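I have placed the structure first, in the form of C-alpha cells, so that the comments after it can refer back to it.
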Amino acid sequence: MIFVTIILIIVALYLLAGLVFAIPFMIKGVTVIDEGAHGSSWGFRIIIIPGVMVFWPFLLNKWLYASKMKRS
Amino acid sequence: MSASYAAVGWNKQKKIYDWLIACLCFIYLLLFISVTLIINEQATFETLLIRSTSTLAVLLLHIILAIGPLCRLNKKFLPLLYNRRHLGVTMFTFALVHGSFSLFQFHALSNTNPIISLFTSNTNFGSLAAFPFQVLGLFALIIFFLMAITSHDFWLHNLSPKVWKTLHMFVYLAYILVVMHVMLGVIQYENDPVFVIMIFAGAITLVILHLLAGSKERKLDNMKFALQREGFVYVCPVAEIEDSRAKIFYIDKERIAVYRHNNKLYAIHNVCKHQGGPLGEGKILDGCITCPWHGYQYLPHNGQSPPPFKEKVSTYDVKIIDGKVWLNPAPFAEGTERPGAEIK
Ligand code: FES
C-alpha cells in the first residue's frame, strides 16, 4: 500500500511539474524547438499539453539546446 | 508536413472518415445497449456503459490492428489507413470511459483512493481464477494514453520517427494485455463464453493477417536481380510500370520505387519521411508522388516535397535499354535532382 502510494505521489508531482513547464513552453519554447510551430494555432498548442506534461524533461533539454545553438 | 501545425489536420477525406467513425460507434452502442436490454432487463446504467464502451474499444482495436496488414495485402484498404490515428484516439476515448467508470463502480466507494484500491484490493497474482485483471487493463490504458497524446505530427517530428514508431509499436503489448484483461475478467464475472470466443476469433484473425502480409513482403524482398551492368541492375520491362504508378524493388537492403510520370521513369527511396509509408504504393497526384498513408508529397525528379514543405528523400539513377528498366541502387543525397529515363 505504502509503495503504491509513494509511486502515485511521484507520478502526480512529475505531471504537475510538466503542467507548470507547459505554460512557458506553449508561449515560447515550442517555437524555439520546432519551426513548424511558428504561426500555429492555440488549438494546436493546447492539444499537445498532455504530451508536454509527460515528455517535459526531454522537451526542456531540447529547448535549452536549441537556445544555446542560437546564441552561438 | 512541416508548414504551420494545426490542432487537427482535417480535410474533406478526413472529415468523411471521422463521420464514418462517429456513425459506426453510435450504431454499435445503440445495438449493444438494445440487445443487452432485451436479454437482461435488469441491466443497470453503469453495467451498460462499462460493457458497451469496453466491447467497442476492443472492436476498434481489432480494426486498427487489421488495417496495416490488410493494406499490405490489398491496396483497396488504403483509405482506411489514411486517418487511422483518429480511429486510435477514438478507441482510447472509449477505453478511458470504460476504465473511469469501472474505477468508479468498483473502487470509489471505500475510503481508500480508487487507484490505490485498484492495486491493493486484489493481490491474487498467483491465481488464474482470481487474477487482478483490472491492473492489466490499466497498463493497456496507459499505453493507449501515451499513443493518443503523441498522435500529433509535432510529436513524430520532435521525438524522431524512430522513437515515435517504437513507442507506437507498444500497441501490440497493449493488445496482449487487453486480451488477458478480457479473458481473466470474463472468467470471474461471466458464465457465457461468447466474449471469450469473440476475442479468440479476433486474435486468430489478426495473427493470420499479419502472417499473410509478412510472407507477401518477404517474397518481394527475396526477389533476385541477377543481371548487372556498370552498377545498374535489370529490374523489369518498362511495360510493367503503369502510368502515374510505381513498382518497388528491394536491392542491396534498400527499397526503391520506380515511378512512371509524363512518359519518363524516376526512382526514389520508397520510405516516406512522415511515418515510413511505402511511397511506391502511392500514385502521382498533381505531378507529385503522393504517399498512400497520409498524403505527404514528393516531386518525382528530385524527391523533394513541394514548397513550403521541406521533406526530402533519396533519388536514384534509372535508365531504359531496349524496353528494359535498369536501376542503379546507389542513392544520391536526399533531394538531389535526377534526369529520369525517357520512355521512347
Ligand atoms: S507515412 Fe504518413 S504520409 Fe507517408
Side-chain angles (χ1 to χ4, degrees), chain A residues 1-70, chain B residues 1-10 85-86 89 92-93 96 103 107 110-123 132 134-135 138-139 141-160 163-164 167-168 170 273-274 296 305 308-311:
Chain A
M1 183 110 153
I2 294 276
F3 177 71
V4 177
T5 312
I6 291 172
I7 297 275
L8 274 185
I9 291 173
I10 292 173
V11 170
L13 287 176
Y14 175 85
L15 292 177
L16 195 70
L19 188 62
V20 173
F21 169 80
I23 299 165
F25 184 76
M26 291 296 98
I27 297 166
K28 177 119 176 70
V30 70
T31 54
V32 178
I33 66 158
D34 190 333
E35 60 182 58
H38 285 281
S40 60
S41 66
W42 274 99
F44 155 70
R45 292 171 198 230
I46 289 167
I47 221 167
I48 62 167
I49 288 178
V52 174
M53 287 167 68
V54 173
F55 294 102
W56 67 268
F58 166 77
L59 295 170
L60 175 63
N61 191 28
K62 224 175 157 180
W63 187 0
L64 291 175
Y65 182 75
S67 311
K68 208 158 103 193
M69 290 307 275
K70 253 189 197 163
Chain B
M1 306 203 242
S2 17
S4 271
Y5 295 120
V8 185
W10 266 312
R85 64 178 80 185
H86 287 191
V89 174
F92 164 69
T93 310
L96 184 65
L103 199 65
H107 297 281
S110 70
N111 292 333
T112 320
N113 174 306
I115 299 184
I116 294 176
S117 160
L118 173 69
F119 281 101
T120 53
S121 60
N122 177 0
T123 48
Q134 293 168 338
V135 176
L138 177 70
F139 283 126
L141 192 60
I142 291 172
I143 295 176
F144 294 142
F145 168 72
L146 290 175
M147 290 173 65
I149 61 169
T150 54
S151 63
H152 196 283
D153 268 353
F154 167 81
W155 294 107
L156 179 74
H157 189 216
N158 284 287
L159 293 175
S160 86
V163 172
W164 190 91
L167 174 67
H168 284 242
F170 275 93
K273 284 290 170 181
H274 181 219
Y296 270 40
S305 290
F309 304 109
K310 299 203 172 83
E311 284 73 19

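Model, not experiment: these values are computed from the prediction.
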Considering residues, nucleotides and ligands other than B:Phe170, do more than 12 of their heavy atoms fall under 6.0 Å from its CZ?
no

Rounded distance [0.5 Å steps], CG in B:Leu167 versus CZ in A:Phe55:
5.5 Å

So what's closer than 4.5 Å to chain A heavy atoms on B:Leu159: side chain, backbone, both or neither?
both

Rounded distance [0.5 Å steps], CG in B:Leu118 versus CG in A:Leu8
9.5 Å

Check the surroundings of atom OH in A:Tyr14: do more than 12 heavy atoms from other residues, nucleotides or ligands lie under 6.0 Å from it?
yes

Check the surroundings of atom CD1 in A:Ile2: do more than 12 heavy atoms from other residues, nucleotides or ligands lie under 6.0 Å from it?
no

Step by step, would you call A:Val52 with B:Trp155 a side chain to side chain contact (heavy atoms under 4.5 Å, CB included)?
CA-CA 10 Å; A:Val52 174; B:Trp155 294 107; 4.2 Å; yes

Measuring heavy-atom distances to chain B, does A:Ile46 have an atom under 4.5 Å in its side chain, in its backbone, in both, or in neither?
neither

Side chains of A:Ile48 and B:Tyr5: does their closest heavy-atom pair fall under 4.5 Å?
no

Kindly give the heavy-atom pair with the smallest separation between A:Ile33 and B:Phe154, and that separation in Å.
CD1-CZ, 4.1 Å

Between B:Asn158 and A:Phe58, which heavy-atom pair has the shortest distance, and what is it?
O-CZ, 3.2 Å

Find the one option among B:Ser151, B:Ser117, B:Ala148, B:Ala6 whose heavy-atom pairs under 4.5 Å with chain A are most numerous.
B:Ala6

Counting only heavy atoms closer than 4.5 Å, note whether B:Thr112 contacts chain A via side chain, backbone, both or neither.
side chain

So CD1 of A:Ile9 and CG of B:Asn113: to nearest 0.5 Å the spacing works out to 9.5 Å

Kindly indicate, with the supporting measurements, whether the criterion side chain to side chain contact (heavy atoms under 4.5 Å, CB included) is fulfilled by A:Val54 and B:Phe145.
CA-CA 10 Å; A:Val54 173; B:Phe145 168 72; 4.0 Å; yes

Looking at B:Ile149 and A:Gly51, what are the two nearest heavy atoms and their distance?
CD1-CA, 3.6 Å

Which atom pair, heavy atoms only, marks the closest approach of B:Ala7 to A:Ile47?
O-CD1, 3.7 Å

